[in-house]
J.: 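Here it is: the structure, laid out below.
Just so it is clear, the structure is predicted and the values come from calculations on it, not from any experiment. In what follows, chains carry the letters A, B, and so on, assigned in the order in which the sequence lines appear, proteins first and then strands, with residues in each chain numbered from 1.
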Number of protein chains: 2
Amino acid sequence: MIYTKNGKTYHCPVEAALDVIGGKWKPLILWALGDDVMRFSELQKMIPGVNTKMLTKQLRELEADGVLTRTVYPEVPPRVEYAITDFGKTLLPIMEALCAWGAQYLGIDDAAVSRCPTKAGKGKA
Amino acid sequence: MIYTKNGKTYHCPVEAALDVIGGKWKPLILWALGDDVMRFSELQKMIPGVNTKMLTKQLRELEADGVLTRTVYPEVPPRVEYAITDFGKTLLPIMEALCAWGAQYLGIDDAAVSRCPTKAGKGKA
DNA sequence: CGGTATCCGAATTGATACTG
DNA sequence: CAGTATCAATTCGGATACCG
């Protein structure tokens, strides 16, 4: 069986799921938006090392996949807010599982894991 | 927090997990080896479109990550068998979750999903 | 503030041919 | 049978500069 969406072809739904969350900065974006609505500049601060082009690209892809929403407020200076959708929230338990597995793989104590680098200390799970 | 393994750097354990299962053919390989031990040529038959170079590369990476084992039998003609490890088996429930989410994303009935293309009809889950 | 546009190097994937 | 080697094509990721 072959699956298709948005002109892309998958041999297995797992591939499709990985295509949605597999971008370089997407896990970090999803962790960040899991709790809060955030502005572009806030995301950029929470994700060290990302540049505007890549952050924009990954946000637009997640938006196109129905995982998050982008709301533009017609003000000066402009304000744009990103929020996770209900559908996007269904990814969070899977991310938790991936996080736990990844911690095992890395040989670290899962309880010591701060999922999002800039959210350490906010408490886990 | 920054995590390191094999010279690679991750900002989050999720990235590490995705690095392990995120290769283009890896989900298919893992489904295939989830049930059975298989030879190289069997895998190649089960995964349409892959060429020997890519299949070799992805298998070696999964082996290096401790997800599967590679056993060479010193016979003529040569025989090489690949099998999932106990650690690799811990990925399978996560793959199931990714598969279910991917089916939702693709807008198809999860019950209709055959996880591995060439294993359709063997029964699901 | 929240982006685009351009250019570029690095990494990934693939087709094809050959080998112990 | 189970790969390697080589080369080509594509995609991805990033630095920098500019714009409404």
Side-chain angles (χ1 to χ4, degrees), chain A residues 6-12 15-16 18-29 32-33 36-65 68-83, chain B residues 2 5-12 15-16 18-29 32-33 36-65 68-83:
Chain A
N6 301 135
K8 290 182 174 185
T9 298
Y10 307 104
H11 302 92
C12 164
E15 288 177 352
L18 291 175
D19 207 26
V20 173
I21 64 173
K24 178 155 184 190
W25 307 100
K26 288 180 185 178
L28 263 16
I29 292 172
L33 294 180
D36 305 295
V37 171
M38 288 215 276
R39 303 178 58 163
F40 187 88
S41 54
E42 291 179 300
L43 284 167
Q44 204 160 13
K45 265 170 246 158
M46 295 206 35
I47 305 175
V50 73
N51 61 34
T52 62
K53 177 185 142 188
M54 283 311 297
L55 184 53
T56 302
K57 182 163 174 274
Q58 308 253 307
L59 285 168
R60 294 292 156 85
E61 287 173 2
L62 289 170
E63 185 193 5
D65 285 329
L68 55 81
T69 58
R70 175 175 180 266
T71 309
V72 182
Y73 296 89
E75 308 169 352
V76 179
R79 180 161 59 103
V80 178
E81 285 187 348
Y82 295 89
Chain B
I2 301 254
K5 177 141 185 169
N6 301 135
K8 291 184 173 185
T9 299
Y10 307 104
H11 303 91
C12 164
E15 288 177 352
L18 291 175
D19 208 24
V20 174
I21 65 172
K24 178 155 183 192
W25 308 98
K26 289 181 184 179
L28 263 16
I29 292 171
L33 293 180
D36 305 295
V37 171
M38 286 214 276
R39 303 178 58 162
F40 187 87
S41 55
E42 292 178 302
L43 284 167
Q44 204 160 12
K45 265 171 246 157
M46 295 209 31
I47 305 175
V50 73
N51 61 33
T52 63
K53 177 185 143 189
M54 283 312 297
L55 184 55
T56 302
K57 182 166 176 272
Q58 308 252 307
L59 285 168
R60 296 290 157 85
E61 287 173 2
L62 289 169
E63 185 193 5
D65 284 329
L68 56 82
T69 58
R70 175 174 180 268
T71 310
V72 182
Y73 295 89
E75 307 170 353
V76 178
R79 179 161 59 103
V80 179
E81 286 188 347
Y82 294 89

J.: At less than 4.0 Å, is any side-chain N or O atom of Tyr82(B) found next to OP1 or OP2 of dC1(D)? Yes or no.
T.: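 For Tyr82(B), the contact criterion (side-chain N or O under 4.0 Å from OP1 or OP2 of dC1(D)) is not met.
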
J.: Side chains of Tyr82(B) and Ile29(B), heavy atoms from C-beta outward: is any pair under 4.5 Å?
T.: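 Sidechains of Ile29(B) and Tyr82(B): no contact.
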
J.: Whole-Å distance between dA2(D) P and Ile47(B) CD1?
T.: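 To the nearest whole Å, that distance equals 14 Å.
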
J.: If we only count heavy atoms from C-beta on, is the Arg70(B) to Leu59(B) side-chain gap below 4.5 Å?
T.: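 When only atoms from C-beta onward are counted, Leu59(B) and Arg70(B) do not touch, as no gap falls below 4.5 Å.
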
J.: Nearest 0.5 angstrom please: Glu81(A) CD to Leu68(A) CG, how far?
T.: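 Answer for the CD-CG pair, Glu81(A) versus Leu68(A), is 13.0 Å.
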
J.: Rounded to the Å, how far apart are Glu81(A) CD and dG2(C) C1'?
T.: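 It works out to 13 Å between those atoms.
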
J.: Should Ile47(A) and His11(B) count as side-chain neighbours, where that means a heavy-atom distance under 4.5 Å?
T.: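 With C-beta onward as the side chain, the pair stays apart.
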
J.: From CG of Leu55(A) over to C1' of dG2(C), roughly how many Å is that when rounded to an integer?
T.: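 Interatomic distance, CG of Leu55(A) to C1' of dG2(C): 10 Å.
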
J.: Do you know the tightest heavy-atom contact between Val50(B) and Gln44(B)?
T.: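 Heavy atoms only, the tightest pair is O-NE2, 4.1 Å.
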
J.: May I have the distance from Ile29(B) (atom CD1) to dA2(D) (atom P), rounded to whole angstrom?
T.: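 After rounding, the reported distance stands at 15 Å.
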
J.: What integer distance in Å separates Gln44(A):CD from dG3(C):P?
T.: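 Answer to the nearest Å: 10 Å.
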
J.: Would you say dG2(C) has OP1 or OP2 under 4.0 Å from some side-chain N or O of Arg39(A)?
T.: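 The answer is yes; a side-chain N or O of Arg39(A) sits under 4.0 Å from OP1 or OP2.
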
J.: Starting at atom CG of Leu59(B), determine the distance to atom P of dA2(D), rounded to an integer number of angstrom.
T.: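 Value for this atom pair: 11 Å.
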
J.: Look up atom CD in Gln58(B) and atom CG in Leu28(B), then write down how far apart they are to the nearest 0.5 Å.
T.: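 It is 10.0 Å, given to the nearest 0.5 Å.
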
J.: Between dC1(C) atom C1' and Leu43(A) atom CG, what is the distance in whole Å?
T.: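 Taking CG of Leu43(A) and C1' of dC1(C), I get 13 Å after rounding.
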
J.: At less than 4.0 Å, is any side-chain N or O atom of Arg70(B) found next to OP1 or OP2 of dG3(D)? Yes or no.
T.: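 Yes.
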
J.: Kindly write out the residues that satisfy side-chain hydrogen bond (donor to acceptor under 3.5 Å, both in side chains) with Asp19(A), not counting sequence neighbours, or none if the list is empty.
T.: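 side-chain hydrogen bond (donor to acceptor under 3.5 Å, both in side chains) check on Asp19(A) returns Lys8(A), Tyr10(A).
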
J.: How bent is the helix from dC1(C)-dG20(D) to dG20(C)-dC1(D), measuring the angle between the end axes built from five pairs each, rounded to 10°?
T.: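 If I round to tens, the end axes sit 50° apart.
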
J.: Could you check which of dG3(D), dG3(C), dC1(D) has an atom nearest any side-chain atom of Arg60(A)?
T.: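 Nearest to the side-chain atoms of Arg60(A), counting from C-beta on, is dG3(C).
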
J.: Select one nucleotide: of dG3(D), dC1(C), dT4(C), the one nearest the side-chain heavy atoms of Phe40(B).
T.: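 The answer is dG3(D).
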
J.: If a protein heavy atom is under 4.0 Å from the base, mark B; if only from the sugar-phosphate, S; if neither, -; do that for nucleotides 5-20 of chain C going 5' to 3'.
T.: -B------BBB----B

J.: First locate atom CD of Glu63(B), then atom OG1 of Thr71(B), and finally report the distance between them rounded to the nearest 0.5 Å.
T.: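 Taking CD in Glu63(B) and OG1 in Thr71(B), the distance rounds to 8.5 Å.
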
J.: Would you indicate whether the side-chain heavy atoms of Phe40(B) and Leu55(B) approach each other to under 4.5 Å?
T.: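 A side-chain contact under 4.5 Å exists here.
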
